[in-house]
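In what follows, every chain begins at residue 1, and chains take the letters A, B, ... in the order their sequences are listed. These numbers come from the heavy atoms of this one structure, side chains and all, not from hydrogens, waters or symmetry mates.
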Amino acid sequence: MEHDPTDPIHQFQINRIVPIRIGDWDFSFTNSALFMVLTVAITAAFLYYTTRGRGLVPSRGQSVTELTYEFTANMLRDAAGPAGMRFFPFVFSIFMFVLVANLLGMFPYFFTVTSHLIVTFALAMLVIGVVIVYGLMKHGLHWFKLFVPPDVPAMLLPLVVLIEIVSFISRPVSLSVRLFANMLAGHITLKVFAGFVFSLGTLGALGILGAILPLLMVVALTALEFLVAALQAYVFAVLTCMYLNDAIHPGH
Amino acid sequence: MFVTEAFAQDGETTAHQPADAAASAHGETIHADRAHEPGFPPFNPEFYPSQLLWLAITFGVFYWLLKTVIMPRIGGILENRRDRIALDLEAAERMRSDADEAKAAYEQELAEARSRAHSIAHEAKESAREDAEAERKRLDGELDEKLDAAQARIAEVKRSALSEVDGIARDVTDTILREVASIEASQDEIAGAVAEAGR
């Protein structure tokens with residue numbers, strides 16, 4: 001690897017592992033795809049393996065699985081009501097995928113799938129797509145009442161509707177950018193401080209002494225990044241639930 | 001926007017165009033990619049189709065797996081547990097009501113036994129009282145009879161004694177008349193006088 005070891009951007013580099021080209025499109029199996037596959041495989045294997053005993057009294061692993069399951073179920077039920085439970089597999093998939101992808105990214109030398117805007121944007125568009133399609137299927141044109149809040153003076157109505165539409169359109173953007181930016185910024189910060197440690201460490205005895213401070217910083221930031229990884233997955237899932245609520249109950 | 005800025009700043013690499021698949025197919029993929037790096041990787045559209053495709057495949061498989069295999073499994077476990085707990089609670093409730101019933105039955109039996117004991121004691125007392133009463137009456141009757149007999153005998157004795165008093169009085173009168181007054185009186189006259197005096 002002939003790259004500057006302190007380059008904080010290098011970790012986001014995508015490499016082709018198995019080049020695949022169909023027509024003009026490059027569908028290569030990359031390190032990003034590899035970590036998507038790993039995310040799915042690890043999560044599914046964990047969930048499947050821990051529930052193998054189907055214990056009445058859960059084992060430790062089964063407890064983790066059950067807690068995550070019920071946590072997500074409660075989150076969805078609180079946000080979207082009992083009618084929202086039809087989206088439970090969808091929300092649970094999104095939550096687990098984002099959570100495990102974020103946490104996998106915390107391993108050194110691992111690729112963070114969610115640090116690429118296109119991935120988070122695709123997930124956000126999937127959520128908004130489900131909201132729009134289900135909303136129109138369930139409520140037909142009445143669903144557009146979502147943009148017309150009740151009890152608004154007729155004079156203000158065009159303005160309010162415009163604001164509502166803009167806010168709806170900005171949802172996938174904010175949803176995807178929030179996750180992407182958090183993961184990206186966190187990983188860059190970690191790498192920058194780790195780069196300080198490396199650079200100072202190569203400067204001799206005094207440098208090693210000076211490297212202690214950024215090293216402590218890296219340790220603290222690592223803990224923070226674990227928090228951010230879990231928190232952003234939670235935020236993504238909660239917002240998904242709230243947007244799905246709009247599809248089910250378009251009235252404000 | 002970011003991509004073009006990155007291009008502009010990265011003067012040395014702008015000469016290189018994004019790597020084509022043929023170039024990157026070689027062994028030094030990383031090196032080749034590095035050399036052709038067109039700025040900030042997350043905004044590099046070169047890999048957008050690949051990322052989208054693989055995300056669709058992996059997430060689709062993940063969703064399908066969770067929906068059809070894993071979540072029914074976890075849901076089944078939780079359902080099982082809920083059912084089991086509900087059943088256990090029901091059984092506990094049933095046992096408690098059984099216990100309550102048994103206790104009520106026991107208390108009723110106890111009360112019955114107590115009242116039976118009461119009545120037995122009462123009967124015994126009653127019969128004892130009756131026996132005593134009968135005995136007392138019998139004794140009373142006997143005593144009355146004895147009293148009557150005694151009184152009859154007393155009356156007899158009295159009557160015979162009184163009749164003897166008359167004779168004694170006649171003898172005494174006769175004797176007195178003869179010894180003191182030397183009067184000879186007939187028995188009939190004496191008896192008449194005595195009867196006159198006794199009246």
Nearest heavy-atom neighbours spanning B/Leu55 and A/Val119: CD2-O, 3.7 Å
Segment of A/Tyr69 engaging chain B (4.5 angstrom heavy-atom cut-off): side chain
I'd like to know whether A/Phe92 forms a side chain to side chain contact (heavy atoms under 4.5 Å, CB included) with B/Lys67, so could you lay out the CA-CA distance, the side-chain angles of the two residues, the decisive distance to 0.1 Å, and finally the verdict. CA-CA 9 Å; A/Phe92 192 55; B/Lys67 193 183 160 99; over 6 Å; no
Check the surroundings of atom CZ in A/Phe71: do more than 12 heavy atoms from other residues, nucleotides or ligands lie under 6.0 Å from it? yes
With rounding to the nearest 0.5 angstrom, report the CE to OG1 distance, B/Met71 to A/Thr65. 12.0 Å
Calculate, to the nearest 0.5 Å, the distance between atoms CG and CD1 belonging to A/Leu56 and B/Ile85 respectively. 7.5 Å
Of the listed residues (A/Ile20, A/Val40, A/Leu126), which shares the most heavy-atom pairs with chain B below a 4.5 Å separation? A/Val40
Within a reach of under 6.0 Å around CE of A/Met106, are more than 12 heavy atoms found that belong to other residues, nucleotides or ligands? yes
Using non-hydrogen atoms only, which part of A/Ile17 is less than 4.5 Å away from chain B: side chain, backbone, both, or neither? neither
Determine the option with the most heavy-atom pairs under 4.5 angstrom with chain A, choosing from B/Leu52, B/Leu65, B/Val69. B/Leu52
Give the minimum heavy-atom separation between A/Met96 and B/Phe62, together with the two atoms involved. CB-CZ, 3.7 Å
Examine whether an atom of A/Ser32 lies under 4.5 Å from a heavy atom of chain B, and if so say whether it belongs to the side chain, the backbone or both; otherwise answer neither. side chain
Contact summary for B/Ser50 and A/Ser28, nearest pair of heavy atoms: OG-O, 2.8 Å
Could you grab the distance from atom CZ of B/Phe59 to atom OG of A/Ser93, nearest 0.5 Å is fine? 5.0 Å
Backbone of A/Tyr48 reached by a side-chain donor or acceptor of B/Arg73 within 3.5 Å: yes
For atom CZ of A/Arg86, is the number of surrounding heavy atoms from other residues, nucleotides or ligands below 6.0 Å larger than 12? no
Side chain to side chain, A/Ile14 and B/Gln51, heavy atoms closer than 4.5 Å: yes
Looking only at heavy atoms and a cut-off of under 4.5 Å, which of A/Val57, A/Ile94, A/Asn31, A/Val18 has the most pairs with chain B? A/Ile94
What are the two closest heavy atoms between A/Phe180 and B/Phe43, and how far apart are they? CZ-CZ, 3.7 Å
I need the minimum non-hydrogen distance between B/Ile70 and A/Ala44, along with the two atoms involved. CD1-O, 3.6 Å
Give, for atom CG of B/Leu66 and atom CZ of A/Phe88, the distance between the pair rounded to the nearest 0.5 Å. 9.5 Å
Would you find a donor on one side and an acceptor on the other, under 3.5 Å apart, between the side chain of B/Trp54 and the backbone of A/Phe27? yes
To the closest 0.5 Å, what do you measure between CD1 (B/Ile74) and OG1 (A/Thr68)? 8.0 Å
CZ (A/Phe12) and CG (B/Asn44) are apart, to the nearest 0.5 Å, by 14.0 Å
Counting only heavy atoms closer than 4.5 Å, note whether B/Arg84 contacts chain A via side chain, backbone, both or neither. side chain
Contact winner vs chain B - A/Phe90, A/Trp25, A/Phe29, heavy-atom pairs under 4.5 Å: A/Phe29
Any side-chain heavy-atom pair from B/Pro42 and A/Leu184 closer than 4.5 angstrom? yes
List the atom of A/Gly55, the atom of B/Arg81, and the distance in Å for their closest heavy-atom pair. O-NH2, 3.2 Å
Heavy atoms from other residues, nucleotides or ligands near CZ of B/Arg138 exceed 12 (cutoff 6.0 Å): yes
Strictly distance-based, threshold 3.5 Å: is any side-chain N or O of A/Arg54 a donor or acceptor partner for the main-chain N or O of B/Ile77? no
